[in-house]
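Step one of this worksheet: look at the structure below.
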Amino acid sequence: MGAHGTAGELVRFSIAIPAELLAAFDAQIARSGGACNRSEAIRDLIRASLVQDELRTPNAEVIGSLTMIYDHHTGDLTRKLDAIQHDYTHEIVSTMHVHLDHHNCLEILALKGRGERVYELADRLLGLRGVKHGELTCAATEESLER
């Protein structure tokens, strides 16, 4: 059986994951007490990801931040990050760059603009090889600030 099934039918699939990451995930599951096993925890993560994607508002003006941690020694990652950011100068209000250690950098971008452009920027940056962690948080829209 493939990865596609009928509605309500459970489908089994396998993934490859580093042992340390799986151990940390299992410990998180045990601490949370909300999900009773790995399968339910992964289903919860997938549902949350789908809901977050549905909340994207392509035509609304959004305000938010993009946080990234990356290894600047990965290929030409720094050049790619800069090139992409230069394509979104209207959406990037400000940036902060912090050298965490010899390899890792933290970069925070303050963003404002049409949702479609802001989400596109985040997807392009977070999809680059060498970006270890990243998160886009849209804290407000212009409409919500007027209330």
Side-chain angles (χ1 to χ4, degrees), residues 3-4 10-147:
H4 304 286
L10 292 179
V11 177
R12 293 188 180 275
F13 68 99
S14 62
I15 61 171
I17 185 171
E20 314 82 56
L21 184 58
L22 183 59
F25 186 59
D26 286 342
Q28 180 185 32
I29 292 169
R31 283 191 309 272
S32 72
C36 47
N37 60 46
R38 285 182 191 156
S39 293
E40 187 57 38
I42 290 171
R43 284 191 290 270
D44 288 347
L45 289 171
I46 291 171
R47 285 185 200 105
S49 177
L50 293 172
V51 166
Q52 183 179 17
D53 191 59
E54 286 176 16
L55 293 176
R56 290 183 173 214
T57 51
N59 295 316
E61 290 292 312
V62 298
I63 300 166
S65 64
L66 176 64
T67 303
M68 299 180 290
I69 297 174
Y70 60 89
D71 181 348
H72 73 266
H73 288 298
T74 302
D76 60 348
L77 177 60
T78 303
R79 185 195 60 75
K80 289 178 181 176
L81 288 167
D82 287 345
I84 291 170
Q85 289 182 41
H86 280 274
D87 292 339
Y88 295 86
T89 56
H90 294 292
E91 290 76 23
I92 299 173
V93 177
S94 179
T95 63
M96 180 175 72
H97 185 94
V98 178
H99 301 282
L100 299 173
D101 56 35
H102 183 68
H103 290 278
N104 296 295
C105 295
L106 165 69
E107 194 157 303
I108 302 169
L109 284 68
L111 305 171
K112 179 180 178 186
R114 271 188 60 243
E116 180 177 46
R117 292 279 296 167
V118 169
Y119 297 119
E120 181 182 89
L121 168 61
D123 289 342
R124 288 184 65 192
L125 292 173
L126 297 179
L128 292 173
R129 189 173 70 81
V131 175
K132 296 178 177 181
H133 173 75
E135 185 173 1
L136 172 65
T137 303
C138 288
T141 65
E142 287 189 0
E143 290 176 0
S144 68
L145 292 176
E146 293 174 2
R147 293 182 196 153

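The line from NZ of Lys132 to CG of Leu126 is 15.0 Å long, rounded to the nearest 0.5 Å. Rounding to the nearest 0.5 Å gives a distance of 8.0 Å between CG of Leu111 and CD of Glu91. To the nearest 0.5 angstrom, Glu120 atom CD is 10.0 Å from Ile84 atom CD1. Within the model, atoms CZ of Arg114 and CD of Glu61 stand 8.0 Å from one another, a figure rounded to the nearest 0.5 Å. To the nearest 0.5 angstrom, Leu121 atom CG is 13.0 Å from His90 atom NE2. Between the CG atom in Asp26 and the CZ atom in Arg38 there is a gap of 4.0 Å [rounded to 0.5 Å].
Minimum interatomic distance between Lys112 and Val118 (heavy atoms only, all atoms of both residues): C-CG2, 4.3 Å. Considering all non-hydrogen atoms of both residues, Val131 and Tyr70 come closest at CA-CB, 3.8 Å. Heavy-atom minimum distance, Leu100 versus Cys105: CD1-C, 4.0 Å. Among all heavy-atom pairs drawn from Leu136 and Ala122, the shortest one is CD2-CB, 3.8 Å. In plain terms, the two heavy atoms of Val62 and Gly115 that are nearest each other are CG2-CA, 3.8 Å.
Ion pairing of Asp82 with Arg79 is absent here, as no side-chain N (NZ or NE/NH1/NH2) approaches a carboxylate O to less than 4.0 Å.
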Step by step, would you call Leu81 with Leu125 a side chain to side chain contact (heavy atoms under 4.5 Å, CB included)? CA-CA 6 Å; Leu81 288 167; Leu125 292 173; 3.6 Å; yes
For Leu109 and Gln85, run side chain to side chain contact (heavy atoms under 4.5 Å, CB included): C-alpha distance rounded to whole Å, both residues' side-chain angles, the deciding distance at 0.1 Å, then the answer. CA-CA 10 Å; Leu109 284 68; Gln85 289 182 41; 3.9 Å; yes
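Classified by interplanar angle (parallel below 30°, tilted 30° to 60°, perpendicular above 60°), the ring pair His102/His73 is tilted.
In this structure a side-chain-to-backbone donor-acceptor pair under 3.5 Å is present from His72 to His103.
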